[in-house]
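Just so it is clear, the values below take in all heavy atoms, side chains as well, and ignore hydrogens, waters and symmetry mates. Atoms within each ligand, like the ligands themselves, are counted from 1 in listed order.
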Amino acid sequence: MGDSRVGQLQQLRAITSEQLAAYPSRAVGVLGVAGGNGLDLIDPQSTDTVYGYDINPGYLDACEARYRDVLGDRLHLIETSIDRSVRIEPVDLLIANLIVEYVGTEEFVAFAAANARSIGVLSCVIQRNDVAGFVSSTEHSSSFDGLASVSSDIDPETLASAMSDAGFVALGRCEYPLPNGKALVRQDFR
Ligand SMILES: C[S@@+](CC[C@H](N)C(=O)[O-])C[C@H]1O[C@@H](n2cnc3c(N)ncnc32)[C@H](O)[C@@H]1O
């Protein structure tokens with residue numbers, strides 16, 4: 001795994017820590033949970049339920065192996081492709097870090113709108129690419145095999161506007177610079 005990939009995972013983990021601290025939650029959902037980066041930051045004492053959603057069963061198996069012991073029955077791992085037909089269990093906080101790129105803005109917002117009553121706060125991270133296309137580095141491509149071809153750049157302003165049109169209120173936005181001119185952009189909605 002290359003340095004930039006490791007750095008991105010560390011940055012995502014740090015952002016997950018901020019998301020969890022900003023919105024203390026009994027029930028947390030994670031879309032595109034992958035191998036569970038940051039799930040170790042969830043306090044089992046103050047969190048009753050954790051839902052992890054991913055299209056890739058291999059990633060969910062990795063999550064299961066890493067976090068079942070710590071989270072026990074709190075952990076629910078669901079293999080699904082996120083789209084507007086999916087209905088999630090109610091959560092106080094829904095984390096969506098680097099998943100909108102795979103689902104697409106329109107479908108993601110339709111999913112959020114269809115589940116609005118089940119979502120307290122939706123905190124999304126997208127990658128802003130000032131230099132090259134998403135999943136453009138060899139390190140990143142090799143870490144998310146098979147999915148590079150279906151990811152695409154997401155414009156944070158377009159996402160915010162579509163979320164607003166769907167009835168969500170923007171709570172805040174932060175930008176986290178990455179090496180190589182890219183940045184992670186976090187936007188929270190209620
Ligand atoms: C870049 S990774 C997410 C990184 C992770 N959230 C983190 O913080 O480290 C994208 C994840 O989304 C999953 N994914 C891609 N398309 C999906 C879809 N349509 N529905 C659900 N999960 C999807 C992939 O399997 C992968 O685990």
Side-chain angles (χ1 to χ4, degrees), residues 1-23 28-42 50-67 75-89 91 93-112 114-115 119 121-129 132-154 156 159 174 176 178 180 182-188:
M1 188 178 288
D3 287 348
S4 67
R5 176 70 192 137
V6 172
Q8 189 195 49
L9 279 173
Q10 287 172 343
Q11 183 68 78
L12 281 168
R13 185 172 181 278
I15 294 171
T16 302
S17 175
E18 292 182 15
Q19 291 166 315
L20 291 168
Y23 308 105
V28 177
V30 183
L31 304 178
V33 68
N37 185 28
L39 286 193
D40 56 303
L41 300 162
I42 292 176
V50 179
Y51 299 100
Y53 297 87
D54 207 285
I55 198 172
N56 185 324
Y59 285 152
L60 295 177
D61 287 347
C63 247
E64 170 78 24
R66 286 178 191 149
Y67 298 108
L75 182 62
H76 303 266
L77 296 171
I78 298 125
E79 181 186 337
T80 189
S81 178
I82 296 299
D83 63 35
R84 70 187 71 202
S85 72
V86 171
R87 295 295 174 272
I88 62 165
E89 294 297 321
V91 287
L93 171 64
L94 185 62
I95 294 174
N97 295 348
L98 298 193
I99 176 74
V100 188
E101 281 86 350
Y102 296 87
V103 176
T105 300
E106 186 183 344
E107 197 63 28
F108 181 80
V109 173
F111 157 83
N115 288 278
I119 303 170
V121 170
L122 174 54
S123 185
C124 314
V125 171
I126 60 115
Q127 181 169 294
R128 182 197 281 285
N129 298 298
F134 183 64
V135 201
S136 60
S137 75
T138 50
E139 294 94 335
H140 197 142
S141 297
S142 62
S143 298
F144 295 102
D145 288 339
L147 290 165
S149 60
V150 296
S151 66
S152 58
D153 284 356
I154 298 298
L159 176 62
C174 292
Y176 308 82
L178 290 169
N180 66 24
K182 301 179 182 185
L184 297 175
V185 181
R186 173 181 152 206
Q187 298 181 102
D188 297 351

Please walk me through it: do Arg13 and Asp40 pass salt bridge (charged side-chain N to carboxylate O under 4.0 Å, His left out)? CA-CA 9 Å; Arg13 185 172 181 278; Asp40 56 303; 2.4 Å; yes
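- The shortest heavy-atom distance from Tyr53 to ligand 1 is not under 4.0 Å.
- Within ligand 1, counting atoms from 1 as listed, the ones closer than 4.0 Å to a heavy atom of Ala34 are 27 (O).
- Side chain of Asn37 to main chain of Leu9: a donor-acceptor pair is present (N/O by atom type, distance under 3.5 Å, no hydrogens or angles).
- Annotation for ligand 1: atoms under 4.0 Å from non-hydrogen atoms of Asn56 are 25 (O).
- Of the polar atoms of Leu31, none of the N or O atoms is found under 3.5 Å from an N or O of ligand 1, judged by distance alone.
- Across every non-hydrogen atom of Asn97 and Ser123, the tightest pair is OD1-O, 3.9 Å.
- In summary, the side chains of Ser85 and Asp83 do present a donor paired with an acceptor at a separation below 3.5 Å, with no hydrogens or angles considered.
- Heavy-atom contacts of Leu98 reach the following atoms of ligand 1: 1 (C), 2 (S), 3 (C), 10 (C) (cutoff under 4.0 Å).
- With Tyr53 contributing its side chain and Ile82 its backbone, the two residues share no donor-acceptor pair below 3.5 Å.
- In terms of modelled atom types and a separation under 3.5 Å, the side chain of Glu101 and the main chain of Gln127 share a donor-acceptor contact.
- Contacts between Leu12 and ligand 1 below 4.0 angstrom, taking non-hydrogen atoms only, involve the side chain exclusively.
- Considering both main-chain and side-chain atoms, Asn97 comes within under 3.5 Å of ligand 1 through a nitrogen or oxygen pair.
- For ligand 1, the atoms sitting less than 4.0 Å from at least one non-hydrogen atom of Gly32 are 3 (C), 5 (C), 6 (N), 11 (C), 12 (O), numbered in the order shown with element in parentheses.
- The atoms of ligand 1 that sit less than 4.0 Å from any heavy atom of Ile82 are 18 (C), 19 (N), 20 (N), 21 (C).
- For the residue pair Leu94 and Val30, the shortest heavy atom distance occurs at CD1-N, 4.2 Å.
- Less than 4.0 angstrom separates some heavy atom of Tyr102 from each of these atoms of ligand 1: 1 (C), 10 (C), 15 (C), 16 (N).
- Nearest to atom 11 (C) of ligand 1 by heavy atom, out of Asn37, Leu9, Val33, Asp54, is Asp54.
- Across all their heavy atoms, Arg128 and Pro156 have their closest contact at NH2-CG, 3.5 Å.
- Using a 4.0 Å heavy-atom cutoff, Ser81 is listed among the residues neighbouring ligand 1.
- For atom 14 (N) of ligand 1, the candidate residues are Thr80, Asp83, Ile55, Val100; the nearest heavy-atom contact is made by Ile55.
- Here the closest heavy-atom approach between residue Arg186 and residue Val125 is recorded as CB-CG2, 3.9 Å.
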